[in-house]
Number of protein chains: 2
Amino acid sequence: MSSTEKSPTRGRKSRTNANRPTVADVARAAEVSLMTVSRVVNHGTNVSEETRKKVEAAIAELGYVPNQAARNLAGGREVRIALLYSNPSSAYLSEFLMGSLGEASVNAAQIIVEYCEEGVRPADLVGKLAAHRANAVLLPPPLCDDERLLKRLQKAGLPMAQIATGRPSRHAYAVTIDDAGATEDLVRLLIEQGHSRIGYISGNPNQTVSELRQAGYEKALADADIAPRPDLIVSGDFSYRSGLQAAERLLASTEPPTAIVASNDDMAAAALAVAHRHGLDVPGDLSVCGFDDTAMATTIWPELTTIRQPISEMARQATAMLIADVRESPVAGVDARHVRLDCELVRRASHGPPRDMTVSPRA
Amino acid sequence: MSSTEKSPTRGRKSRTNANRPTVADVARAAEVSLMTVSRVVNHGTNVSEETRKKVEAAIAELGYVPNQAARNLAGGREVRIALLYSNPSSAYLSEFLMGSLGEASVNAAQIIVEYCEEGVRPADLVGKLAAHRANAVLLPPPLCDDERLLKRLQKAGLPMAQIATGRPSRHAYAVTIDDAGATEDLVRLLIEQGHSRIGYISGNPNQTVSELRQAGYEKALADADIAPRPDLIVSGDFSYRSGLQAAERLLASTEPPTAIVASNDDMAAAALAVAHRHGLDVPGDLSVCGFDDTAMATTIWPELTTIRQPISEMARQATAMLIADVRESPVAGVDARHVRLDCELVRRASHGPPRDMTVSPRA
DNA sequence: GCATGTCATGTTAGCGCTATCTTCATGTGA
DNA sequence: TCACATGAAGATAGCGCTAACATGACATGC
């Protein structure tokens, strides 16, 4: 029942958090007032260069680190960002979290991870968010495309950020990549290597990026005057399983493709497995490309040629936007901003010229 | 420059956090004092049943949620747990994070995710932790087995928790499973189905669980009076890549195994891929089993028979232990507690009786 | 009956920080 | 010259909560 029994500094010490230096300590050391220290630590306006240096020296010497709890209390602007997820693709999620948690940690914001079932009622969800005191929401795919959810969150006045959506909302922040362009690049690469029968495995139609990626594929073909063949476009849903089926169908064709572009890495990995099961050499007999550059891409063999999507960076930026919104702009929701990040074509070992090309290149 | 210009409630409102109800509001509504509300919200000792009900009703009515920042400030016991990771196996990490973040969120603790390179100097690391004001450390594998790191953290007086280690330290909390027993069960299952040539792909020797799992394999063989064959034990390092090589070696044997037990799912998946490349049917020609039951196990085809390791629950419990330590026990480090959780053999489609057994069972 | 204990509750004083107001020195232009 | 803006500080008052102590109402034992 008693813990501070033998503590030499009763009462006092037991409440203080491991007697860490406080602003007061720094102020004393630097021979300035409390507020001056606070000003230096924060924006740093209205402080003379000389004073700032003194304070900074004192901070360094004492190893002062601001107490975030006190800051939040005094400032009244605690940032609690709910990360809603429904797609348990662990590779995506963990990379996402790395970016988001990193940014949150730097800015002393809280990330609350909330699993959101497929058919959850948006109203219930909003209630839950309130209970968690969330004041911003992070929406990775596929939730970023859920219109009802977006509308509900907007109505609740919560700033939100869509990550990797194909259709950024006017009422939300959004961080995207050029899905169409990236896919186009990938397909163009294959065409340049001599492929003309290029199969495509599309993504889940409930994610808006699926359309964009497919459009990129079609555009690349059109630009090269290759007539699109409907039998070379097979629908998947981003799962490995669906990739297996899709690849089987593509390879069962009477005139099978010499390359398969899958709209994510999981399905590309599945296509690879199917190719091997059919006794095909990759990339000798069949080139296979993916999208995302998740861990899977370098896990499997041969390593996948794919599009590197900067998931972690996207999460980081989205988180930063929300933090800025909550901390600064009280008129949230109107001046939403959309950001598009670059992505990169990563050439690895799963693609190459088609077999007939290696015999007589440039046919 | 000015934001509260037209605000009807100057000064006052701009500082308060979206005028949420506070203890004072609840106290007023319930007609009791501030402290009584606090007591109800916390431990709840020394409050009459009648009063408690009144307060709880008021809390429910107003939708009061305690302000954690204020609590931490007043209580002086902010919990900041550093999660050190070096193994970027995303499947593991994201499941781990789910458990840990969930528990942390419920208990209003902070999780700080810190990437820790292979050869980082423990001294530097401790410095970094101090800068983050971390007051507890979570150590997933393989860091949980780094003796130098453990020693250094202990010296720094930081309570720590090892997750999935084979060698719990006296100075740390630990959450483990019965790695040896689980592997034994798996191998026994194969033996019961008629296998006797069972290959084994071991894990990274820098993780203590590797030994335990292999010991389980050997024990199961010994119990069944099957002479161990050194050529059936191949070393891997938990990576898919190493699994490919190991499986190739096993299958290249003059008398190849009829089953392969890999000490994790990634390597089992690799073994599966190699089997397919060799034209072997799984499980018809070869049974393949894994360990962990990560997303990989159900992603690939056929789905993997494996050991389900409750990663998320392990992370949750470890986090809970650390929170309890920081919040309550000031004599940390001595009364460390170790917990062992149950794990489960998950029978899926990648195992079955060996081919010759299907012809003449019970040979 | 009075000292003493126990329980339910109230009062007070901060936790460490920042918003806001105030002060005091400097410019600046009429 | 003085009113007035501007910049660089300091003083003060809380943010919402809880630890520690104080109070008052009973029950207990001698």
Side-chain angles (χ1 to χ4, degrees), chain A residues 1-4 7 9-28 30-52 54-55 62 64-78 108 133 327, chain B residues 1-5 7 9-28 30-55 62 64-78 108 133 327:
Chain A
M1 282 289 141
S2 66
S3 63
T4 49
S7 175
T9 40
R10 304 171 44 93
R12 201 72 220 295
K13 185 169 187 180
S14 65
R15 284 196 64 174
T16 194
N17 206 357
N19 38 6
R20 223 187 288 283
T22 73
V23 263
D25 298 320
V26 177
R28 213 172 301 126
E31 299 177 288
V32 296
S33 83
L34 250 158
M35 265 321 289
T36 304
V37 176
S38 174
R39 274 191 273 258
V40 170
V41 171
N42 296 288
H43 24 38
T45 55
N46 284 9
V47 180
S48 72
E49 201 50 43
E50 190 192 4
T51 315
R52 182 201 313 294
K54 259 199 310 188
V55 173
L62 296 176
Y64 168 75
V65 187
N67 178 325
Q68 197 54 44
R71 261 176 146 169
N72 283 336
L73 227 209
R77 295 242 141 266
E78 192 169 11
R133 287 169 165 279
R327 287 250 163 86
Chain B
M1 286 288 142
S2 65
S3 66
T4 49
E5 212 156 73
S7 174
T9 39
R10 302 172 46 93
R12 200 71 220 295
K13 185 169 188 181
S14 65
R15 285 197 62 175
T16 194
N17 206 356
N19 37 11
R20 226 187 287 285
T22 72
V23 264
D25 298 321
V26 177
R28 212 172 302 126
E31 299 177 289
V32 294
S33 82
L34 255 162
M35 265 320 287
T36 305
V37 176
S38 175
R39 276 191 272 259
V40 170
V41 171
N42 296 287
H43 25 38
T45 55
N46 284 8
V47 180
S48 72
E49 201 51 42
E50 191 191 4
T51 315
R52 180 201 315 292
K53 286 218 174 97
K54 259 200 308 189
V55 173
L62 297 176
Y64 167 76
V65 186
N67 178 326
Q68 197 56 44
R71 266 176 141 167
N72 283 335
L73 227 209
R77 296 241 138 270
E78 192 169 9
R133 287 170 165 277
R327 288 253 162 84

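Just so it is clear: chains get the letters A, B, ... in the order the sequence lines come, proteins before strands, and each one is counted from 1.
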So, is [X] near the phosphate of [N], with a side-chain N or O under 4.0 Å from OP1 or OP2?
X: B/Thr51; N: C/dT9; answer: yes
X: A/Thr22; N: C/dG16; answer: no
X: A/Ser48; N: D/dG7; answer: no
X: A/Thr36; N: D/dG10; answer: yes

Side chain of [X]: nearest nucleotide among [options]?
X: B/Asn67; options: D/dG16, C/dT11, C/dG16; result: D/dG16
X: A/Asn42; options: C/dG16, D/dG10, C/dT18; result: C/dT18
X: A/Ala74; options: D/dT18, D/dA9, C/dG16; result: C/dG16
X: A/Met35; options: D/dA9, D/dC17, C/dT18; result: C/dT18
X: B/Val23; options: D/dC17, D/dA9, C/dG16; result: D/dC17

hbond_proxy A/Arg20 side chain to C/dG16 base (donor-acceptor, 3.5 Å cutoff) | no

In degrees rounded to 10°, what angle is found between the helical axes fit to the five outermost pairs at each end of the helix from C/dG1-D/dC30 to C/dA30-D/dT1?
->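 The angle, to the nearest 10 degrees, is 50°.
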
Sorted by chain and number, sequence neighbours left out, side-chain contact (heavy atoms from CB on, under 4.5 Å) with B/Asn42 holds for B/Ser38, B/Arg71

May I ask you to say what B/Val32 touches in the nucleic acid, namely base, sugar-phosphate or nothing, with a heavy-atom cut-off under 4.0 Å?
-> sugar-phosphate

Taking for each residue the nucleotide of DNA chain C bearing the nearest heavy atom, is the 5' side occupied by A/Tyr64 or by B/Leu34?
-> B/Leu34

